[in-house]
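Here is the structure we will look at.
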Amino acid sequence: MKKDNCIFCKIIAGEIPSHTTYEDENCKVILDINPATKGHSIIIVKDHYDNFFELPEEKATEVIKVAKIMSKKMADNLQCDGFNILQNNNEVAGQTVMHYHMHLIPRYKFDKQDLTMETMQPSSEELLETKNIIIG
Ligand code: 5GP
Ligand code: ZN
């Protein structure tokens with residue numbers, strides 16, 4: 001399944017070059033062209049799914065397997081001190097390429113990157129209300 005004008009479909013098809021660090025039947029791992037830190041990589045599922053909601057469960061399992069393999073390999077070889085593993089869905093959440101992928105971002109003690117979130121301070125009533133909304 002390939003989508004026209006999708007940059008990641010073109011990378012998977014080899015129409016756009018990339019630095020590939022891992023590849024199997026389901027996934028390809030490449031270096032991000034605008035890395036947040038040294039080694040920032042993205043796991044791209046080969047078939048086109050817009051986002052996590054579209055991704056079949058068996059493909060999600062494959063992504064996690066690759067994340068385990070590559071985070072270990074990158075930690076060993078890059079000697080990083082930690083990882084941010086993240087994944088954006090839809091424009092409002094910062095997704096810019098609408099083809100499912102997962103970010104592997106190695107973190108180093110002295111990197112200048114800051115991926116911390118702005119947080120809210122909800123009351124316990126608000127937390128309870130939110131919980132009830134979620135469980136429906
Ligand atoms: P998103 O914002 O959708 O979660 O992440 C998309 C990522 O893809 C960004 O970090 C961006 O730098 C990366 N990216 C976009 N175009 C290309 C490309 O042509 N090649 C590579 N290697 N990475 C890309
Ligand atoms: Zn695509």
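Starting from 1, each residue takes its place in the sequence as its number. In listed order, ligands and their atoms are each counted from 1.
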(request) Kindly assign one of parallel, tilted or perpendicular to the pair F8 and H101, based on the angle between their ring planes and the thresholds 30° and 60°. (result) perpendicular
(request) Name the orientation class of the two ring planes belonging to H99 and H48 (parallel below 30°, tilted from 30 to 60°, perpendicular beyond 60°). (result) perpendicular
(message) For D32, run the side chain to side chain contact (heavy atoms under 4.5 Å, CB included) check against I42, I105, L104 and tell me which one passes.
(response) I42
Under 6.0 Å from the [atom1] atom of [X], do we count more than 12 heavy atoms belonging to anything else shown?
X: E57; atom1: CD; value: no
X: F83; atom1: CZ; value: yes
X: E91; atom1: CD; value: no

Can you give each donor-acceptor pair under 3.5 Å made by side-chain atoms of residues 63-73, sequence neighbours left out, with the distance rounded to 0.1 Å?
residue: K65; atom: NZ; partner: E62; partner atom: OE2; Å: 3.3
residue: S71; atom: OG; partner: A67; partner atom: O; Å: 2.6
residue: S71; atom: OG; partner: K68; partner atom: O; Å: 3.4
residue: K72; atom: NZ; partner: D76; partner atom: OD1; Å: 3.4
residue: K72; atom: NZ; partner: D76; partner atom: OD2; Å: 2.7

(request) Go through the steps for K2 and E15 under the test salt bridge (Lys or Arg N to Asp or Glu O under 4.0 Å), then give the verdict. (result) CA-CA 12 Å; K2 187 168 180 279; E15 293 163 15; 3.6 Å; yes
Nitrogen or oxygen contacts under 3.5 Å, ligand 1 side and protein side:
residue: ligand 1; atom: 2 (O); partner: G94; partner atom: O; Å: 3.0
residue: ligand 1; atom: 2 (O); partner: T96; partner atom: N; Å: 3.3
residue: ligand 1; atom: 2 (O); partner: T96; partner atom: OG1; Å: 2.9
residue: ligand 1; atom: 3 (O); partner: T96; partner atom: N; Å: 2.7
residue: ligand 1; atom: 3 (O); partner: T96; partner atom: OG1; Å: 3.2
residue: ligand 1; atom: 3 (O); partner: V97; partner atom: N; Å: 3.0
residue: ligand 1; atom: 3 (O); partner: H101; partner atom: NE2; Å: 3.1
residue: ligand 1; atom: 4 (O); partner: N88; partner atom: ND2; Å: 2.9
residue: ligand 1; atom: 4 (O); partner: H101; partner atom: NE2; Å: 3.0
residue: ligand 1; atom: 4 (O); partner: H103; partner atom: NE2; Å: 2.8
residue: ligand 1; atom: 5 (O); partner: H101; partner atom: NE2; Å: 3.0
residue: ligand 1; atom: 5 (O); partner: H103; partner atom: NE2; Å: 3.2
residue: ligand 1; atom: 10 (O); partner: D32; partner atom: OD1; Å: 3.2
residue: ligand 1; atom: 10 (O); partner: D32; partner atom: OD2; Å: 2.5
residue: ligand 1; atom: 12 (O); partner: D32; partner atom: OD1; Å: 2.5
residue: ligand 1; atom: 22 (N); partner: L31; partner atom: O; Å: 2.9
residue: ligand 1; atom: 22 (N); partner: I33; partner atom: N; Å: 3.4
residue: ligand 1; atom: 23 (N); partner: I33; partner atom: N; Å: 3.3

(request) Spell out the protein N/O/S atoms under 2.8 Å from the Zn ion (ligand 2) as residue plus atom name. (result) C6 SG, C9 SG, H48 ND1, H99 ND1
Show which side-chain atoms of residues 126-136 pair as donor or acceptor with protein atoms under 3.5 Å away, not counting sequence neighbours.
residue: E126; atom: OE1; partner: S123; partner atom: N; Å: 2.8
residue: E126; atom: OE1; partner: S123; partner atom: OG; Å: 3.3
residue: T130; atom: OG1; partner: E126; partner atom: O; Å: 2.8
residue: N132; atom: ND2; partner: L128; partner atom: O; Å: 3.4

